[in-house]
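Take a look at the structure set out below.
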There are 2 protein chains.
Amino acid sequence: MKIDPDSPADLSAQIAKSIRDAIVSGTLRVDDRLPSEAELAEQFEVSRSTVREALKRLGAQSLIRTQRGATGGAFVNKLTYPEAYGQQITTATLLLSMNAVSFTTACEARYALERACAPLSAQRRTADHLATMRAEAHRQAQPGLTDEAFCASDVAFHRALVDAAGNPVLSYQLAGAVEAMQPLMNMITFTARSRETIVALHGAIADALDAQNAEETDAKLAELASYTNALAQSVFAARQKA
Amino acid sequence: MKIDPDSPADLSAQIAKSIRDAIVSGTLRVDDRLPSEAELAEQFEVSRSTVREALKRLGAQSLIRTQRGATGGAFVNKLTYPEAYGQQITTATLLLSMNAVSFTTACEARYALERACAPLSAQRRTADHLATMRAEAHRQAQPGLTDEAFCASDVAFHRALVDAAGNPVLSYQLAGAVEAMQPLMNMITFTARSRETIVALHGAIADALDAQNAEETDAKLAELASYTNALAQSVFAARQKA
DNA sequence: GACTTTTAAATGTCTGACAAATGAAAATTG
DNA sequence: CAATTTTCATTTGTCAGACATTTAAAAGTC
């Protein structure tokens with residue numbers, strides 16, 4: 001654990017990198033305790049504040065957790081799926097909002113990924129997943145539902161579809177796609193969409209999964225994708241006119 | 001921008017969350033300048049060190065960048081694809097290594113995602129993408145290649161395949177899958193694999209993309225997936241014996 | 001007007017201090 | 001002796017003040 005003394009700026013970034021490398025490479029293992037802040041300061045020959053700034057950086061990436069008290073300190077954190085989901089979603093949301101990603105591009109990526117799950121979901125869906133999807137589809141049919149609630153339910157439906165594949169890695173990879181892009185799409189299309197059409201497609205997807213029919217599931221997802229795209233086109237066309 | 005004064009611990013985390021929310025919600029926009037550390041300290045009624053720790057957290061997530069000097073300060077950072085790729089890869093790598101993900105699960109997710117790109121790649125691949133894939137396949141056939149170099153080339157080949165889909169969002173989403181899982185797979189299977197078989201399949205995939213044949217591309221990817229899985233099974237069986 | 005110097009503002013770093021939490025050891029008590 | 005309470009050392013969390021360094025704009029100089 002050493003840093004380059006010749007580049008005086010951003011010491012805390014260098015120290016964070018040094019520790020991060022040790023974690024990624026496996027030199028530091030899960031639940032290993034790092035030296036105390038005072039010891040790290042001595043090792044790296046910097047002040048305690050600089051060490052603290054480095055540790056905060058690592059904490060922000062969920063690489064370490066800290067605990068106060070006599071036997072406390074900084075410990076290598078076991079990155080859990082929920083933590084990774086959260087980071088994934090934040091990053092994906094910002095990436096989309098800051099880079100002017102076209103609706104077409106986002107929609108294409110979103111459905112390409114979801115359709116990748118379809119065969120596995122059709123094979124492995126449990127009664128639980130089906131129940132969630134049907135419940136959400138039913139909720140979406142309620143007339144009094146706000147647009148926000150409809151969107152949230154939409155996300156929940158698609159999350160269940162993805163989770164039905166029974167592959168946590170896939171669920172993690174798709175968290176950003178579903179949770180970041182679905183709201184984006186809803187925001188654009190909500191003025192023009194027919195909830196009825198969407199609910200019908202959701203029902204058809206649930207039916208296809210129930211029957212473990214992968215082809216039908218894929219076909220209905222493709223239909224939903226093209227419907228969404230068509231909606232967006234009409235919204236953009238209407239905006240052009242105005 | 002206010003924080004709860006009743007929870008005295010983790011002030012820097014609360015401040016980071018407050019600013020992060022402002023960025024995600026759009027209250028703070030790209031290239032907006034945050035107040036100086038001294039001003040933030042006054043606003044939140046904390047010391048400058050605490051503000052600094054909060055800013056380091058945000059910097060670790062690439063949400064802000066800082067600049068020294070008279071007109072310097074902290075600015076809302078435009079999250080670029082390369083930055084997002086990097087975070088994605090780090091997170092995916094740690095998630096896999098820390099959660100004892102089975103080879104089968106990782107492999108399944110990896111190929112399900114990559115096969116989602118196949119139809120788009122077959123349609124849109126450019127001469128450039130094809131050239132990269134062929135060059136990497138050729139490199140992989142060199143007898144003197146180390147296992148590390150073979151793995152790196154393998155990653156480059158699959159990256160080109162994904163990028164050929166011409167969808168940056170998809171490339172971003174798949175960065176973790178390819179860059180984190182491919183090395184994991186290579187590490188497990190390198191003792192048993194036949195490079196010849198893999199190179200032949202890579203060549204076949206390039207041919208199929210060249211011909212814009214989506215079905216053939218998908219079929220060859222499926223072959224590669226099942227070959228990889230079979231390899232892993234044989235490695236695990238051999239380990240069981242020993 | 002072009003160049004140099006000064007200056008002010010901002011982040012980066014350091015030092016020293018105290019508060020608060022926490023578990024372990026020591027002391028007390030029944 | 002066992003159970004409880006108290007003390008204590010360790011560690012993170014926070015604060016205050018200082019100085020170094022960088023940077024661009026303002027002031028001064030030729």
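Just so it is clear, the structure is predicted and the values come from calculations on it, not from any experiment. Just so it is clear: chains get the letters A, B, ... in the order the sequence lines come, proteins before strands, and each one is counted from 1.
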Determine, for B:R110 against B:E179, whether the closest basic-nitrogen to carboxylate-oxygen distance falls under 4.0 angstrom. no
Report the nucleotide, chosen from D:dG13, C:dA9, C:dG23, that has the shortest atom-to-atom distance to any side-chain atom of B:D10.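 Nucleotide nearest to B:D10's side chain: D:dG13.
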In terms of heavy-atom contacts, does CD of A:Q142 have more than 12 from other residues, nucleotides or ligands at under 6.0 Å? yes
Over 12 foreign heavy atoms within 6.0 Å of CD, A:Q233: yes
Quick one: do the A:T126 and A:H129 side chains pair a donor with an acceptor below 3.5 Å?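 Judged by distance alone, the side chains do pair up.
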Any luck finding a side-chain donor-acceptor pair between B:S171 and B:D163 under 3.5 Å?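 Short answer, yes.
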What is the separation between atom [atom1] on [X] and atom [atom2] on [N], rounded to the nearest whole Å?
X     : N      : atom1 : atom2 : answer
B:E45 : D:dG13 : CD    : P     : 21 Å
A:E42 : D:dT10 : CD    : C1'   : 16 Å
B:L11 : C:dC18 : CG    : C1'   : 15 Å
B:E37 : C:dT11 : CD    : P     : 4 Å
B:R68 : D:dA20 : CZ    : P     : 13 Å
A:R33 : C:dT22 : CZ    : P     : 15 Å

First encountered from the 5' end of DNA chain C, between A:Q67 and B:A38: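 This one resolves to B:A38.
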Could you check B:A74 against A:S47 and say which one's nearest nucleotide on DNA chain C is further toward the 5' end?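 By nearest-heavy-atom nucleotide position, the 5'-most residue is B:A74.
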A cation-pi test, strictly: NZ or CZ of B:R29 under 6.0 Å from the centre of the six-membered ring of B:F75 and no more than 45 degrees from its axis. Yes or no?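 The answer is no; the distance or angle limit is not met.
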With a distance cut-off below 6.0 Å to the six-membered ring centre and an angular limit of 45° from the axis, does B:R159 pair with B:Y85 as a cation-pi contact? yes
Take A:I23 and A:I64, measure what side chain to side chain contact (heavy atoms under 4.5 Å, CB included) needs, and give me the verdict at the end. CA-CA 9 Å; A:I23 295 175; A:I64 60 168; 4.1 Å; yes
Pick the nucleotide of DNA chain D nearest each of B:A13 and A:E39; which residue has the one closer to the 5' end? A:E39
Please determine if a side-chain N or O atom of B:T66 lies less than 4.0 Å away from the OP1 or OP2 oxygen of C:dG12.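 Answer yes for this pair, as a side-chain N or O of B:T66 is under 4.0 Å from OP1 or OP2.
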Tell me, which of residues 48-65 of chain B have any heavy atom that sits under 4.0 Å from an atom in DNA chain C?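 Result for residues 48-65 of chain B: B:R48, B:R52, B:K56, sorted by number.
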End-to-end bend of the helix from C:dG1-D:dC30 to C:dG30-D:dC1 (five-pair axes, 10° rounding)? 20°
For B:D154 and B:E136: C-alpha separation, side-chain torsions, deciding distance, then whether side chain to side chain contact (heavy atoms under 4.5 Å, CB included) applies. CA-CA 7 Å; B:D154 201 8; B:E136 296 299 343; over 6 Å; no
